[in-house]
K.L.:
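Structure below; questions to follow.
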Amino acid sequence: MSTKDCGLHRQNKRRRMFRRCCAGLLIFNFILLVTILIVWAILQPSKPRFVLQDVTVFNFNTSASNVFSSSFQVTISSRNPNDKIGIYYDRLNIYATYRAQQITFPTLIPPVYQGHKDVNIWSPFIYGTDVPIAPYNSIALGQDQNAGSVLLLIKMDGRVRWKVGTFISSRYHLYIRCPAFITLGSKTTGVEVGNNAVKYQLVQRCKVTV
């Protein structure tokens, strides 16, 4: 056998080995994917359920044009409906919006692990001091206040991981949207809790997107 034939033989051998490695890797990834899908289908994971329990309003001030100051304490409960899946809340920011515009600064909720069927309750403070708002929103907010009711949206944005046995998934985005209907003035349905604060019992189901 010539030197050229030997080189061609070695090259063909390397190609066959490369093809076998690629085929083995593809088969392994396929089996792994199928296994994950089967386990996922058996466990039937469900998104956590969030409920806005109440909102306490300490400050709601639009005295300056196109500037808004506010201070709230909100109580939100979260329930993990899964029997065999735990949830790591790695990061959660909570804030309030009015007509798609953020009116408070984000408040960070400490990371926490939520076990199977567990319930977590948070009562963070959210506030905004002299927050600029769009002129049309300033007008709309004044009109809503004169009418005696304002619809806010309490939002939570963050990242979560799922835990199944010893397996922990990668991070997923979590979006929670909770409508909060606040009545003001003589039409208020809240209860005074001191220091000019008014507490509203809402028990409003939130929309959760993962």
Side-chain angles (χ1 to χ4, degrees), residues 19-57 72-98 100 102-128 151-182 190 193 199-210:
R19 289 171 183 170
R20 288 174 184 173
C21 289
C22 289
L25 185 61
L26 288 174
I27 292 172
F28 173 79
N29 288 336
F30 176 76
I31 293 174
L32 179 63
L33 179 62
V34 171
T35 302
I36 292 174
L37 290 176
I38 291 174
V39 172
W40 207 250
I42 293 173
L43 294 174
Q44 295 182 342
S46 298
K47 295 180 292 186
R49 296 169 185 170
F50 283 76
V51 174
L52 178 61
Q53 302 286 355
D54 58 63
V55 175
T56 302
V57 179
F72 311 96
Q73 183 179 20
V74 299
T75 301
I76 292 184
S77 64
S78 169
R79 180 176 181 270
N80 178 8
N82 298 288
D83 289 321
K84 300 177 182 178
I85 300 176
I87 304 173
Y88 284 102
Y89 295 96
D90 290 335
R91 180 177 58 82
L92 276 179
N93 282 312
I94 183 169
Y95 55 95
T97 66
Y98 172 76
Q102 187 171 330
I103 58 173
T104 69
F105 308 121
T107 296
L108 181 64
I109 293 177
V112 66
Y113 172 74
Q114 189 175 58
H116 316 149
K117 297 290 186 179
D118 280 356
V119 174
N120 289 75
I121 297 177
W122 298 288
S123 295
F125 286 89
I126 54 176
Y127 69 95
L151 178 61
L152 302 178
L153 199 60
I154 307 300
K155 295 186 177 183
M156 300 177 73
D157 298 338
R159 290 179 176 270
V160 296
R161 289 176 295 161
W162 309 97
K163 183 177 184 295
V164 182
T166 57
F167 171 77
I168 299 176
S169 74
S170 57
R171 290 181 173 84
Y172 291 85
H173 286 283
L174 181 70
Y175 304 98
I176 301 104
R177 304 292 182 260
C178 310
F181 191 72
I182 306 299
V193 291
K199 186 173 185 177
Y200 299 88
Q201 296 288 346
L202 301 175
V203 193
Q204 176 65 52
R205 183 82 175 263
C206 305
K207 181 180 178 182
V208 180
T209 306
V210 179

K.L.:
Could you check whether any side-chain N or O of Asn80 sits under 3.5 Å from a backbone N or O of Ile85, counting only pairs where one atom can act as donor and the other as acceptor?
P.N.:
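Between the backbone of Ile85 and the side chain of Asn80 there is a qualifying donor-acceptor contact (under 3.5 Å).
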K.L.:
Would you indicate whether the side-chain heavy atoms of Gln53 and Gln201 approach each other to under 4.5 Å?
P.N.:
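Sidechains of Gln53 and Gln201: no contact.
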K.L.:
NZ of Lys207 to SG of Cys178: how many Å apart, nearest 0.5 Å?
P.N.:
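With rounding to 0.5 Å, NZ (Lys207) is 12.0 Å from SG (Cys178).
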K.L.:
Is the side chain of Asn82 donor-acceptor paired with the backbone N or O of Ser46 at a distance under 3.5 Å, no angle test?
P.N.:
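Yes; at least one donor-acceptor contact below 3.5 Å.
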K.L.:
Identify, with sequence neighbours excluded, every residue that meets salt bridge (Lys or Arg N to Asp or Glu O under 4.0 Å) alongside Arg177.
P.N.:
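Applying salt bridge (Lys or Arg N to Asp or Glu O under 4.0 Å) to Arg177 gives Asp157.
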K.L.:
I need the Ile103 CD1 to Phe72 CZ distance, nearest 0.5 Å.
P.N.:
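One finds 5.0 Å between CD1 of Ile103 and CZ of Phe72.
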K.L.:
For a side chain to side chain contact (heavy atoms under 4.5 Å, CB included) check, start with the C-alpha distance between Arg91 and Leu108, then their side-chain angles and the critical distance, and finish with the verdict.
P.N.:
CA-CA 7 Å; Arg91 180 177 58 82; Leu108 181 64; 3.9 Å; yes
K.L.:
Would you name the heavy atoms of Tyr98 and Leu151 that are closest together and state the gap between them?
P.N.:
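Closest approach of Tyr98 to Leu151, heavy atoms only: CD1-O, 3.6 Å.
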K.L.:
Any chance you could measure Phe50, atom CZ, to Asn120, atom CG, to the nearest 0.5 Å?
P.N.:
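Here the interatomic distance stands at 8.5 Å.
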K.L.:
Please check this pair: side chain of Gln73 against backbone of Ser123, looking for a donor-acceptor N/O pair closer than 3.5 Å.
P.N.:
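Judged by distance alone, yes, a pair lies under 3.5 Å.
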K.L.:
Would you find a donor on one side and an acceptor on the other, under 3.5 Å apart, between the side chain of Gln114 and the backbone of Ser78?
P.N.:
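Checked: pair present.
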K.L.:
Measuring only between side-chain heavy atoms, which start at C-beta, is Val210 closer than 4.5 Å to Trp162?
P.N.:
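Heavy-atom side-chain distance check passes, below 4.5 Å.
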K.L.:
Would you check, one step at a time, whether the test side chain to side chain contact (heavy atoms under 4.5 Å, CB included) holds for Ile154 with Ile126?
P.N.:
CA-CA 10 Å; Ile154 307 300; Ile126 54 176; 4.2 Å; yes
K.L.:
Quick one: are Ile176 and Ile76 in side-chain contact, heavy atoms under 4.5 Å?
P.N.:
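Counting from C-beta outward, Ile176 and Ile76 never come under 4.5 Å.
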K.L.:
Please check this pair: side chain of Lys47 against backbone of Val208, looking for a donor-acceptor N/O pair closer than 3.5 Å.
P.N.:
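Answer holds: yes.
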K.L.:
Are Leu174 and Tyr89 side-chain neighbours, meaning at least one heavy-atom pair lies under 4.5 Å?
P.N.:
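Yes - at least one pair of side-chain heavy atoms lies under 4.5 Å apart.
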K.L.:
If we only count heavy atoms from C-beta on, is the Ile94 to Met156 side-chain gap below 4.5 Å?
P.N.:
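A side-chain contact under 4.5 Å exists here.
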K.L.:
If we check side-chain contact (heavy atoms from CB on, under 4.5 Å) with Trp122, which of these qualifies: Thr75, Thr107, Leu92, Val74?
P.N.:
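Filter result, single survivor: Leu92.
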K.L.:
State, to 0.1 Å, how close Ala180 and Val55 come at their nearest heavy-atom pair, and which atoms those are.
P.N.:
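Smallest interatomic distance, heavy atoms only, reads CB-CG2, 4.3 Å.
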K.L.:
Provide the closest heavy-atom pair for Ser170 versus Arg161 in the form atom of the first, atom of the second, distance.
P.N.:
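Taking every non-hydrogen atom into account, O-CG, 3.7 Å.
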K.L.:
Test side chain to side chain contact (heavy atoms under 4.5 Å, CB included) on Val119 and Arg79 and set out the steps.
P.N.:
CA-CA 4 Å; Val119 174; Arg79 180 176 181 270; 3.8 Å; yes
K.L.:
When rounded to the nearest 0.5 angstrom, what is the spacing between OG1 in Thr104 and OH in Tyr127?
P.N.:
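Those atoms lie 9.5 Å apart.
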K.L.:
Suppose we screen for side-chain contact (heavy atoms from CB on, under 4.5 Å). Which residues come up paired with Thr97, at least two apart in sequence or across chains?
P.N.:
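Partners of Thr97 under the side-chain contact (heavy atoms from CB on, under 4.5 Å) test: Tyr95, Gln102, Leu153, Lys155.
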